[in-house]
There are 2 protein chains.
Amino acid sequence: MAGNTSTPGSTVLSRGLALLFAFDDTHRRLTLSELARRAGLPLPTAHRLVGELVAGGALVRRPGGQYVIARRLWQVGLLAPAETGLRELAAPFMNDLHAATRATVHLAVREQSHVLYLERLSGRASVPVASAVGARLPLHATGVGKVLLAHAPDDVVTDTLGRLSRATAHTVTQPARIREQLERVRRDGYATTVEEMTLGACSVAVPITTGGRVVAALGMVVPSLERDRTRLVVALQVAAQGVRRSLDGLGPGP
Amino acid sequence: MAGNTSTPGSTVLSRGLALLFAFDDTHRRLTLSELARRAGLPLPTAHRLVGELVAGGALVRRPGGQYVIARRLWQVGLLAPAETGLRELAAPFMNDLHAATRATVHLAVREQSHVLYLERLSGRASVPVASAVGARLPLHATGVGKVLLAHAPDDVVTDTLGRLSRATAHTVTQPARIREQLERVRRDGYATTVEEMTLGACSVAVPITTGGRVVAALGMVVPSLERDRTRLVVALQVAAQGVRRSLDGLGPGP
DNA sequence: GGTGACCCTTTCACTGAGCGGAAGCAGCCT
DNA sequence: AGGCTGCTTCCGCTCAGTGAAAGGGTCACC
């Protein structure tokens with residue numbers, strides 16, 4: 001910036017991005033002062049920059065004075081490539097799974113030490129689900145997370161096992177037990193959770209592979225695993241095979 | 001900005017946004033010079049700003065030297081509110097439609113004089129479809145577009161009728177005929193197209209209303225309307241009613 | 001109706017961040 | 001070798017950007 005800045009070296013653009021990235025899953029609407037606080041900017045500076053972001057169509061100001069991400073940013077965001085290909089290929093298979101079981105169906109990839117949810121089909125049933133598309137959750141407490149962790153590089157595994165957060169009373173937080181479970185995931189080809197992320201929700205998940213690498217995971221959330229664990233695993237594996245075939249058909253993805 | 005700019009009055013942030021918005025449906029990957037050209041910036045300036053956008057996690061540089069929207073921007077884009085509520089409410093009904101018919105199902109709103117596609121479930125059948133989520137198409141050549149146009153303010157209608165672009169040999173480009181069709185849409189409660197946007201694709205669409213206003217449109221794309229037009233219209237209307245009920249249940253939307 | 005807490009908005013003098021022409025570099029044609 | 005296109009770096013000029021300070025508006029609670 002110019003003149004008497006308190007943090008020389010930082011640029012206008014980086015501050016603008018800090019304002020945009022101040023929004024997250026649990027902060028979809030922010031007031032000016034919240035924005036300034038979260039982006040680490042003085043209030044008048046935030047005021048001016050936010051004004052420009054609104055003028056430029058990146059943010060919208062609600063009547064109440066709260067700011068939200070604008071539709072136009074949603075549109076450009078959808079142009080992000082990596083996920084798009086995988087999501088479009090997986091969509092029909094996810095639809096089949098959803099139609100057959102009426103459960104919540106998830107497509108996720110690993111982003112560092114977190115699961116990133118790429119797609120979700122919500123079940124009609126009243127199973128509580130923590131994930132939302134674009135949201136990140138810990139690897140060790142979700143079905144898709146365990147699948148991805150089981151096939152992650154060693155440094156990610158040790159990093160994750162180093163800080164196992166607790167979400168419910170059933171969350172597994174002993175590294176040794178997780179290692180044991182990961183071994184079983186690799187052997188059996190699927191992972192399960194029982195109320196480890198959300199009470200009242202269990203999950204099953206399988207890997208999606210291409211070229212010998214695990215690139216994503218496909219999972220489902222159900223109220224209980226007692227009855228039809230096998231049926232769900234088979235359905236997931238068939239769907240995952242279908243996605244793999246589509247992926248391989250198109251050559252190495254973007 | 002500072003110093004000897006060629007366009008005084010424009011700000012760094014607005015230039016940064018111009019770079020982001022240089023991406024669109026048909027330009028998902030851009031080289032530095034394309035970005036500079038599309039954003040209207042001198043090349044060295046674009047070079048510097050794009051570098052900052054990459055450092056800030058808004059863009060990613062591919063090995064080939066092409067830039068694409070980064071995953072992080074996809075994530076914040078998903079936080080845009082207006083659409084999210086409607087999409088989530090409509091999703092289960094769209095799934096039902098899709099399961100029952102196996103056709104492509106669309107959810108769209110009007111954005112100025114264009115249809116903006118909020119959601120799409122792709123049919124397995126090989127019907128060519130032009131729309132993608134986040135994409136904009138003309139109002140007069142699509143089923144959902146005609147529905148939205150039929151319930152749009154007068155100025156939008158006259159504006160749209162003033163420049164009726166042609167997409168295929170079947171596109172209706174005479175204002176009088178479109179007016180006639182819009183009248184019929186309002187009377188019958190549904191709109192149709194026959195290969196007007198894409199050859200080999202027909203469509204049916206119905207409005208989604210809340211509080212007496214048409215806020216969106218629900219549509220389907222099929223190879224032909226001959227056989228089961230009535231069946232499709234009924235299915236769509238049932239689904240649209242369901243969405244309306246959900247909308248009304250939650251009070252005035254976000 | 002006073003007081004305090006919270007927002008948001010505007011002002012303004014100082015200055016270094018931003019600018020972009022020019023030049024250099026690398027690849028790829030003919 | 002010469003021309004073309006596209007990327008990167010340099011560097012001196014200068015105005016866009018900065019943020020403390022002050023102003024205004026709206027609640028709620030005493």
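Naming: A, B, ... by sequence-line order, numbering from 1 per chain.
The side chain of A:R61 lies closest to C:dT9, out of C:dG18, D:dG19, C:dT9. Comparing D:dT18, C:dC8, D:dG19 by their nearest atom to the side chain of A:P42 picks out D:dG19. In this structure, the nucleotide among D:dG17, C:dC8, C:dC19 sitting nearest to the side chain of A:E52 is D:dG17.
In this structure, B:L19 atom CG and C:dG18 atom P are separated by 14 Å, rounded to whole Å. If you measure from atom CD of A:E34 to atom C1' of C:dC7, you get 11 Å, rounded to the nearest angstrom. The nearest whole Å value for the distance from the CG atom in A:L49 to the P atom in C:dT9 is 14 Å. A straight line from CG of A:L13 to P of D:dT18 spans 11 Å, rounded to a whole angstrom. As a whole-Å value, the separation of B:L32 CG from C:dC25 C1' is 15 Å. With rounding to whole Å, B:Y67 atom OH is found 10 Å from D:dT8 atom C1'. Between A:Q66 atom CD and C:dC7 atom C1' there is a gap of 12 Å when expressed in whole angstrom units. Nucleotide C:dC8 holds its C1' atom 19 Å from the CZ atom of A:R62, rounded to whole Å.
Nucleic acid contact class of B:P44 (heavy atoms, under 4.0 Å, all strands): base. A:T45 comes within contact range of at least one nucleobase, with a heavy-atom separation under 4.0 Å. In this structure, B:R37 reaches neither bases nor backbone, as no heavy-atom distance under 4.0 Å exists between it and the strands shown. Using a 4.0 Å heavy-atom criterion, one finds that B:L41 contacts no nucleic acid atom at all.
At least one donor-acceptor pair under 3.5 Å links the side chain of A:T11 to the backbone N or O of A:S14. Of the possible donor and acceptor atoms, one in the side chain of A:H140 sits under 3.5 Å from a partner among the backbone N and O of A:S165. At distances below 3.5 Å, at least one donor-acceptor pair connects side-chain atoms of B:T171 with backbone N or O atoms of B:A167.
Side chains of B:T168 and B:E195: a donor-acceptor N/O pair is absent below 3.5 angstrom, by distance only.
Neither OP1 nor OP2 of C:dC12 sits under 4.0 Å from any side-chain N or O of A:R48. Close to D:dG19, at under 4.0 Å from its OP1 or OP2, lies a side-chain N or O of A:R15. Phosphate contact (OP1/OP2 of D:dT8, side-chain N/O of B:H47, threshold under 4.0 Å): present.
Shown here for A:L148 and A:A216, the closest heavy-atom pair between the two residues is CD2-C, 3.8 Å.
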